[in-house]
Amino acid sequence: MPVAKPESCDSRVIAHIDMDCFYVQVEQRKQPQLRGLPTAVVQYNEWKGGALIAVSYEARKFGVKRSMRGEEAKEVCPQIHLVQVPVARGKADLNGYRNAGSEVVSILARRGRCERASIDEVYLDLTDAAETMLAEAPPQHLEAIDEEALKSHILGLNNEDGSDVKENVRNWIHRCNADHRDKLLACGILIVAELRMQVLKETEFTCSAGIAHNKMLAKLASGMNKPAQQTVVPFSSVQGLLNSLPIRKMKQLGGKLGMSLQIDMGVNTVGDLLQFSEEKLQERYGLNTGTWLWNIARGINGEAVEGRLLPKSHGSGKTFPGPRALKTVSAVQHWLNQLCEELSERLCSDLDQNKRIAHTLTLHVRAYKSSDSDSQKKFPSKSCPLRYGTAKIQEDAFNLFQAGLREYIGLYGGKSEGSHYSGWGITSLSVSASKIVPIPSGTCSIAKYFHWQTSSHFSSIQSPENLRMDATHLSPPGNESYSEVNLPEPKIDFSGEESWIEDTIPGLGLQEQKINVWKDEFQSRGHSLAELNEVEVAEENERSSCSYIRDQDERRREAWSYNIDEIDPSVIDELPTEIQDEIQAWLQPRKRPNNIVKRGSTISHYFSPTKKS
DNA sequence: ACGGCTCAGACC
DNA sequence: TGGTCTGAG
């Protein structure tokens, strides 16, 4: 739900930069022969030609649209070039696009506060740059205005018949009788034009931009003239723009809220909102949203541009629609392992490149239960402290899954069905890492950071009883050990930076106490805690997370050495052939299912929290 | 129960 | 808090 924020400054200059069909541009840079041709990026080519996720403007002229199938696109535009999104570990790999987005951000951040809004969009606060320009080199005194700036669209600037459009723009920029706010926007035009040219020069990507006094209007404007153009919203044209703007075009109003405004309140355009008092809107939609709506009807939007160049979370997910739904814990575990591998890799890059550490691991699952009435019951999301290292992330994610599954199955586990699967299917899995904080470089935030470390470094302890093929075998609620996933972590109270770490702390595991002793030792030798954290993380990282080759081997061994032995072969025979094949592949070169002998004693070794490597 | 895969933010 | 929901591209 949107929330109202007071306007911080009477007249800001905000730009919204939107890359044009970004994924297509990234692919065209890789394959320059595709430039200028109708092109689309598709994922999962095997079914009906895959789904389009980005479409070039040349292809759009033929009526090709996003969310079309590759085959449909070929029908309306036979000459279209379809490029597949890269696949890694059986899923779409968007890293190339993420990295390309970062290239752009690093250029755009040069002139002012920059907020990465998505993989291909950023907001810029150019107020300072514009004020500076106005003071030192105001546009009025510039005889030559850049050609790119002259191509800007200025909302509300009426082009009289026969008049030269560029000349009108030049005049608008040069106007010296304009009020301060428009003069600032004029500076914004020049700055953004320059930035866009810089992006093109350094990355070969084109983008479109909106320039206005707040984020909402800038965002609105950037989409009005694409591709490779920029649009300005002078203060005087705001109300005219909003009055006729369909309510759903407004950011945040494209969903249920916008629909409710339309259906319940008869609001069809943003201007229609003006007839309602702030109180009325608050009464219907709550204080925050009500005020927010009242403001946007008037073109007021105080949201600040956050100075943030990096994402706040990383996620890796995959859907398993319809018949492809996962029906065994083993299949789930296989895919969780893939997703966690990707996540771990990205966390590693983030650590290397940005010196940041994530502290929370979350698992999201979508599932259906065919059995009974509560089939629409949601599979609960679960989270736990994030431990670095691919194998650890995989282990923790799997534990989260089991905890969720037990809740999901609830009391209707259908115990009578024996080893048969009990009627659930997983249609979507995703793991994400959040609470990402920079490794402190100075001493100021050590205490806080250290608190994080101690509460996240060691977490769930698993027992072998949890690792079963079938959910019907899950132990009954109450005495199962994976509830420990959600147990509160022991925390150390730091009263300040000089806080001392005790040698022995009640409630801490042996391992944690050992570490704390080690930390003391380290500190007593004159090192700062910040240094220690870096060392610790670096070591952990080097050992298990970033050495992919060795790690992979190790992980396979680990992941499968405990529960293959527990698979009932009769269960495998009843699975869909696709999954059977998968399992057969995993089992090799281990035993064939027929030869499986019950033998579960090595499990505790693999899940011991003291396990190293 | 095909629109996949990500992200952010608000609410309680 | 953690978990759910909404909304965006």
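Reminder, nothing fancy here: chain letters follow the sequence lines and each chain counts from 1. All heavy atoms count here, side chains included; hydrogens, waters and symmetry mates do not.
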Candidate nucleotides dG9(C), dG7(C), dG2(C), ranked by approach to the side chain of Ser383(A) - the nearest: dG2(C)

Does Ser313(A) have a side-chain nitrogen or oxygen under 4.0 Å from the phosphate oxygens OP1 or OP2 of dC7(B)? no

Roughly how far apart are Ile211(A) CD1 and Gln230(A) CD, rounded to 0.5 Å? 4.0 Å

If I take atom NZ in residue Lys377(A) and atom P in nucleotide dC5(C), what distance separates them, rounded to the nearest angstrom? 13 Å

Determine yes or no for a side-chain-to-main-chain donor-acceptor pair under 3.5 angstrom, with Gln229(A) supplying the side chain and Pro227(A) the backbone. yes

Polar atom pairs between nucleotides 2-6 of chain B and protein, under 3.5 Å, N or O only, would you list them?
| unit_1 | atom_1 | unit_2 | atom_2 | d |
| --- | --- | --- | --- | --- |
| dC2(B) | N4 | Arg324(A) | NH2 | 3.4 |
| dG4(B) | O4' | Gln43(A) | NE2 | 2.8 |
| dC5(B) | OP1 | Tyr44(A) | OH | 3.2 |
| dC5(B) | OP2 | Thr319(A) | N | 2.8 |
| dC5(B) | OP2 | Thr319(A) | OG1 | 3.1 |
| dT6(B) | OP1 | Arg98(A) | NH2 | 3.0 |
| dT6(B) | OP2 | Lys91(A) | NZ | 2.5 |
| dT6(B) | OP2 | Gly317(A) | N | 3.0 |
| dT6(B) | OP2 | Gly317(A) | O | 3.0 |
| dT6(B) | O5' | Gly315(A) | O | 3.4 |
| dT6(B) | O3' | Arg98(A) | NH2 | 3.4 |

Flag for Asp20(A)-Ser208(A): side-chain donor and acceptor within less than 3.5 Å: yes

If I take atom CE in residue Met216(A) and atom C1' in nucleotide dG7(C), what distance separates them, rounded to the nearest angstrom? 17 Å

Regarding the side chain of Arg308(A), the nearest nucleotide among dA10(B), dG7(C), dA8(B) is dA8(B)

Pair listing, ring-ring contact (aromatic ring centres under 6.0 Å, His included) test, anchored in residues 294-317 of chain A, at least two apart: none

So does Lys256(A) get a side-chain nitrogen or oxygen closer than 4.0 Å to the phosphate oxygens (OP1/OP2) of dT6(C)? yes

Can you tell me which nucleotide in dA1(B), dG9(C), dG3(C) comes closest to the side chain of Tyr368(A)? dA1(B)

Suppose we screen for salt bridge (Lys or Arg N to Asp or Glu O under 4.0 Å). Which residues come up paired with Asp18(A), at least two apart in sequence or across chains? none

Give the rounded distance in Å between these two atoms: NZ of Lys435(A) and C1' of dA8(B). 15 Å

With sequence neighbours excluded, residues passing side chain to side chain donor-acceptor pair (under 3.5 Å) with Arg366(A): none

Separation of dC11(B) atom C1' from Tyr285(A) atom OH, nearest Å, is 17 Å

N/O (side chain, Lys312(A)) to phosphate O (OP1/OP2, dC7(B)) under 4.0 Å: no

Which part of the nucleic acid does Lys219(A) contact within heavy-atom distance under 4.0 Å: base, sugar-phosphate only, or nothing? sugar-phosphate

Write down the distance between NZ (Lys378(A)) and C1' (dG3(C)), rounded to a whole number of angstrom. 13 Å

Contacts of Lys312(A) that satisfy side-chain contact (heavy atoms from CB on, under 4.5 Å) - sequence neighbours left out: Arg308(A)

Please work out which residues in residues 117-125 of chain A have a non-hydrogen atom less than 4.0 Å from an atom of DNA chain C and list them by number. Asp120(A), Glu121(A)

In whole Å, what separates the P atom of dA1(B) from that of dG9(C)? 27 Å

Identify, with sequence neighbours excluded, every residue that meets side-chain contact (heavy atoms from CB on, under 4.5 Å) alongside Thr39(A). Val24(A), Gln28(A), Leu34(A), Leu37(A), Ser56(A), His81(A), Val83(A)

Taking 4.0 Å as the cut-off, does a side-chain nitrogen or oxygen of Asn288(A) come that near to OP1 or OP2 on dC11(B)? yes

Respond yes when some side-chain nitrogen or oxygen of Thr360(A) is under 4.0 Å from OP1 or OP2 of dG2(C), and no when none is. no

Those residues that, when tested against Phe379(A), pass ring pair (Phe, Tyr, Trp, His ring centres under 6.0 Å) (two or more places apart): Phe401(A), Tyr408(A)

Whole angstroms only, please: what is the OH-P distance between Tyr408(A) and dG3(C)? 17 Å

Residues which pass ring pair (Phe, Tyr, Trp, His ring centres under 6.0 Å) with Phe205(A), listed by chain and number, not counting sequence neighbours: Phe22(A)

In whole Å, what is the span from the CG atom of Leu361(A) to the P atom of dG3(C)? 11 Å

Can you check the Arg248(A) CZ to dA8(C) C1' distance for me, whole Å? 16 Å

